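Just so we're on the same page: letters track the sequence lines, and every chain starts at 1. Quantities reported herein were computed from a predicted structural model and do not represent experimental measurements.
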Amino acid sequence: MIRDALADAVLDALAALHVDPLPAQVNLERPARREHGDWSSNVALAAAKAAGRNPRELAAQLVEQLSANPPAHVVAVEIAGPGFVNFRLAPTWLHDVLTDVVDGGTEGYATTDAGGGERVQIEFVSANPTGPIHVGNGWFASYGDALGRVLTRTGHVVSREYYVNDTGGQIRALGASLLAHHKGEPVPEGGYPGEYVADLAKEYDGADDVTEAGQWAAERILGGIRATMESIHVHYDEWYSQASIEESSAVAETVEELRAKGLVTEEDGALWFESKEFGDPRERRVLRKSNGDYTYLAGDIAYHRNKFLIRGFDRVINVWGADHHGQVASLVAGVRALGIDADRIEVRLGQMISLASGRMGKRLGNVVNLDDVVADIGPDATRLLSLLTSIDQAVTIDLDKVRSHSKESPVFYVQYAHTRIASINRVAAERGVVRSPITDVDLGLLLHERELDVLRSLSELPDVIRIAAADRAPHKVATWVRELADRFHGFYHDCYVMGDGVSPELTQARLWLVESARIGFAIGLDLLGVSAPESM
RNA sequence: GCCCUCGUAGCUCAGUUGGAUAGAGCGACCGCCUCCUAAGCGGUAGGUCACAGGUUCAAUUCCUGUCGAGGGCGCCA
């Protein structure tokens with residue numbers, strides 16, 4: 001990689017200048033402004049103090065040293081500002097990028113094995129099966145899925161899981177609501193008045209038992225949730241039943257394990273977990289109520305014991321809504337108490353989403369089902385919409401605007417760029433233009449700023465993916481793919497691949513540029529789970 | 001009261017882990033189709049990066065405080 005070559009050259013130059021101590025790492029970045037060159041380093045600023053030198057002087061010496069023996073592709077090394085060292089490169093470095101992209105292809109370019117085969121489980125959505133998925137509890141479905149794709153590409157082994165809350169009070173409440181509908185009685189307090197319950201009630205012919213009725217309804221609703229997830233290309237490896245944990249001896253075993261460690265006390269007939277010493281801000285939490293039932297927390301700790309100690313995941317990432325924030329510290333305390341390193345569990349809290357029309361709530365009667373959004377704008381736009389922003393951002397979505405501007409949405413912008421690539425290839429085929437092997441093509445003809453901009457974007461993809469994985473921030477891929485689309489539209493507009501005044505040699509070079517862009521779109525869109533259409 | 005996540009253009013949001021003159025889309029205004037799809041391209045206008053301190057060569061970015069928004073602090077799940 002060019003960055004490593006430049007960093008090595010800088011280190012060599014620093015050593016030649018007897019800088020002591022040598023910086024552990026040379027920071028190289030792409031300046032925001034073109035005048036500042038293609039690559040820039042702040043190493044003189046960063047290292048000067050420790051070495052007892054003047055930053056600007058050190059930068060000047062560095063420039064002199066590097067200019068005397070410039071690394072490959074470097075045509076000029078300049079000093080700027082308070083002591084930046086700016087590298088100006090020949091376009092050949094970008095032609096090398098093109099070759100790298102084509103050599104790597106969709107499967108290989110911008111991949112790393114940084115994850116080292118780490119087995120990562122991502123649990124996301126996990127909404128209670130008491131009603132259809134709505135835009136609130138389904139918003140981070142694309143996030144969890146895309147994060148999995150990014151982690152897979154960076155060398156992790158990913159498993160996607162939906163924790164099915166198929167037991168407990170809300171299932172009984174669902175059953176009671178179903179039976180009430182069935183008998184034509186009013187839905188009980190705290191029940192589920194939704195239309196879907198009435199519809200299900202018509203089909204129910206089981207026993208007059210709230211648990212049985214609730215489980216029957218939950219199973220049906222879960223089928224709908226699966227279909228919704230599939231419709232936006234989210235495929236789970238596991239739908240894990242909470243009941244299977246609670247009905248096994250797993251919870252009791254987990255509590256026993258904690259008790260054996262001396263972390264459980266009994267008071268008022270309840271069993272308490274001494275959670276504070278494991279980082280819980282609260283002194284202690286109930287594991288088993290005085291009525292003998294285990295709490296949700298006890299079940300959740302048992303569930304995570306299962307994830308780590310039974311199923312052997314190296315790392316667990318839970319994607320939860322911000323309204324579950326209160327559970328995090330207790331769960332992590334429980335996991336730690338079981339002897340599991342705290343940094344193996346991550347809880348990513350997605351901020352609540354709201355509608356421009358106001359708060360969404362079941363009681364307000366303005367719940368928008370995810371299915372309806374998918375039906376309106378399609379799965380691609382639905383996915384990209386939620387992948388444009390960080391999950392730390394409490395977004396406001398205006399569904400009316402999303403609908404009316406769906407033709408101008410980012411997804412069309414990006415997909416349109418991709419169809420233009422397909423279009424170029426179609427026209428080339430019609431005109432009998434065949435792409436020669438890349439080794440026979442003079443990529444040195446690619447000198448137009450628009451062409452170089454496309455290649456600059458492609459050169460950044462490996463970094464983008466690496467950072468998106470490390471930060472658990474797949475939206476960075478979405479930002480990148482929009483930038484690539486922007487650059488490609490510019491190229492398309494200003495640089496004809498075939499046409500008047502375009503030499504056969506230039507056509508060949510541009511066909512390869514187009515191919516490298518195609519690979520970039522294919523990688524980026526696949527990571528986002530958005531389709532890359534051939535025509536629109 | 002305490003904890004978490006935030007506060008960037010009229011609106012919705014980016015901002016490469018501290019860099020040089022802070023970006024995009026939508027909305028507004030002005031241009032560009034006899035060649036690969038105008039679902040596109042170019043331009044103009046729009047900012048005290050909530051506010052005040054601190055850290056340093058350098059702060060939208062890190063720290064503290066204030067103000068504001070959302071969320072959380074049960075023997076509910």
Subject >> Note: Arg88(A)-Glu35(A) ion pair, threshold 4.0 Å (strictly below) >> reply: no
Original post:
Looking only at N and O atoms, is any donor in the side chain of Ser290(A) or the base of C75(B) less than 3.5 Å from an acceptor on the other one?
Top reply: yes
Subject >> Separation of A77(B) P from Tyr294(A) OH (nearest whole Å) >> reply: 14 Å
Original post:
Picking from A77(B), A14(B), C35(B), which would you name as closest to the side chain of His475(A)?
Top reply: A14(B)
**OP:** Could you tell me which nucleotide pairs with C6(B) by Watson-Crick or G-U wobble geometry, both distances under 3.5 Å, or answer none if nothing does?
**Re:** G68(B)
Subject >> Presence of donor-acceptor pair under 3.5 Å, side chain of Asn86(A) and base of A20(B) >> reply: yes
Original post:
Which nucleotide in the list U17(B), A20(B), G72(B) gets nearest to the side chain of Asp471(A)?
Top reply: U17(B)
Subject >> Selection from A14(B), A39(B), G40(B) that lies nearest to any side-chain heavy atom of Gln393(A) >> reply: A14(B)
Original post:
Angle class for the Tyr162(A)/Trp239(A) ring planes (parallel below 30°, perpendicular above 60°, tilted otherwise)?
Top reply: parallel
Original post:
Rounded to the Å, how far apart are Asp453(A) CG and A24(B) P?
Top reply: 13 Å
Original post:
Whole-Å distance between G10(B) P and Asp398(A) CG?
Top reply: 18 Å
Original post:
Can you check the Glu483(A) CD to G23(B) P distance for me, whole Å?
Top reply: 13 Å
Subject >> Selection: residues 489-496 of chain A, any non-hydrogen atom under 4.0 Å of RNA chain B >> reply: His489(A), Tyr492(A), His493(A), Cys495(A), Tyr496(A)
Original post:
What nucleotide, of A14(B), U12(B), C73(B), holds the atom closest to the side chain of Arg282(A)?
Top reply: C73(B)
Original post:
Does Lys289(A) make a side-chain N or O approach to OP1 or OP2 of C76(B) shorter than 4.0 Å?
Top reply: yes
Subject >> Nearest-nucleotide pick for Arg33(A), side chain only, options being C75(B), U5(B), U21(B) >> reply: U21(B)
**OP:** Go ahead and name the base partner of G40(B); Watson-Crick or wobble counts if both distances stay under 3.5 Å, otherwise write none.
**Re:** C32(B)
**OP:** Report yes if at least one side-chain N or O of Lys476(A) is closer than 4.0 Å to OP1 or OP2 of G15(B); otherwise report no.
**Re:** yes
Original post:
Does the ring of Phe84(A) meet both stacking tests against the six-membered base ring of A20(B): centre distance under 5.5 Å and plane angle under 30°?
Top reply: yes
Original post:
Below 3.5 Å, does any donor atom in the side chain of Asn42(A) face an acceptor in the base of G19(B), or the other way round?
Top reply: yes
**OP:** Identify whether any heavy atom of Val464(A) sits under 4.0 Å from a base atom; if not, whether one sits that close to sugar-phosphate; answer base, sugar-phosphate or nothing.
**Re:** nothing
Subject >> From C13(B), A20(B), C35(B), nucleotide with atom closest to Asp500(A) side chain >> reply: C35(B)
Subject >> N or O in side chain of Arg450(A) less than 4.0 angstrom from G42(B) OP1/OP2 >> reply: yes
Original post:
Ion pair present between Arg466(A) and Asp463(A), side-chain N to carboxylate O less than 4.0 angstrom?
Top reply: yes
Original post:
Do Arg348(A) and Trp320(A) meet the cation-pi criteria used here (NZ or CZ under 6.0 Å from the six-membered ring centre, within 45° of the axis)?
Top reply: no
**OP:** Ignoring the backbone of Asn128(A), work out which of C13(B), A77(B), C35(B) is nearest its side chain.
**Re:** A77(B)
Subject >> N-O pairing of Glu449(A) and Arg34(A) below 4.0 Å >> reply: yes
Original post:
Given C41(B), A20(B), G19(B), which nucleotide is nearest the side-chain atoms of Pro82(A)?
Top reply: G19(B)
Subject >> Salt-bridge contact Asp392(A)-Arg472(A) (side-chain N to carboxylate O under 4.0 Å) >> reply: no
Original post:
Are Tyr413(A) and His489(A) an aromatic pair by the rule of ring centers under 6.0 Å?
Top reply: yes
Original post:
When the C1' atoms of A45(B) and G23(B) are considered, how many whole Å apart are they?
Top reply: 16 Å
Subject >> Nucleotide nearest Tyr296(A) when distance is taken to its side chain, options C6(B), C36(B), A77(B) >> reply: A77(B)
Original post:
Under the 3.5 Å rule, do the base of A39(B) and the side chain of Thr419(A) count as making a donor-acceptor pair?
Top reply: no
**OP:** Would you classify Ser390(A) as touching base, sugar-phosphate or nothing, given that sugar-phosphate means primed atoms plus P, OP1 and OP2, and contacts are heavy atoms under 4.0 Å?
**Re:** sugar-phosphate
Subject >> Short side-chain N/O contact from Arg172(A) to OP1 or OP2 of A77(B), under 4.0 Å >> reply: no
Subject >> Glycosidic class, syn or anti, of C26(B) using a 90° window around 0 >> reply: anti
**OP:** When you get a sec, tell me which of C41(B), C4(B), A20(B) is the closest nucleotide to the side chain of His325(A)?
**Re:** C4(B)
Subject >> Counter-base of A45(B), judged by Watson-Crick or G-U geometry with both distances under 3.5 Å >> reply: none
**OP:** With a 3.5 angstrom cut-off on both distances, give the Watson-Crick or G-U wobble partner of G53(B), or none if there isn't one.
**Re:** C63(B)
Original post:
Is there a Watson-Crick or G-U wobble partner for U16(B) with both distances under 3.5 Å, and if so, which one is it?
Top reply: none
Subject >> Test side-chain contact (heavy atoms from CB on, under 4.5 Å) applied to Val101(A) and Leu513(A), Leu461(A), Leu458(A), the passing residue >> reply: Leu458(A)
Original post:
Do Lys307(A) and Glu123(A) meet the salt-bridge criterion of a basic N to acidic O distance under 4.0 Å?
Top reply: yes
Original post:
Between Tyr303(A) and Tyr163(A), is the ring centre distance below 6.0 Å?
Top reply: yes
**OP:** Round to the nearest Å and state the distance from Arg285(A) atom CZ to C73(B) atom C1'.
**Re:** 9 Å
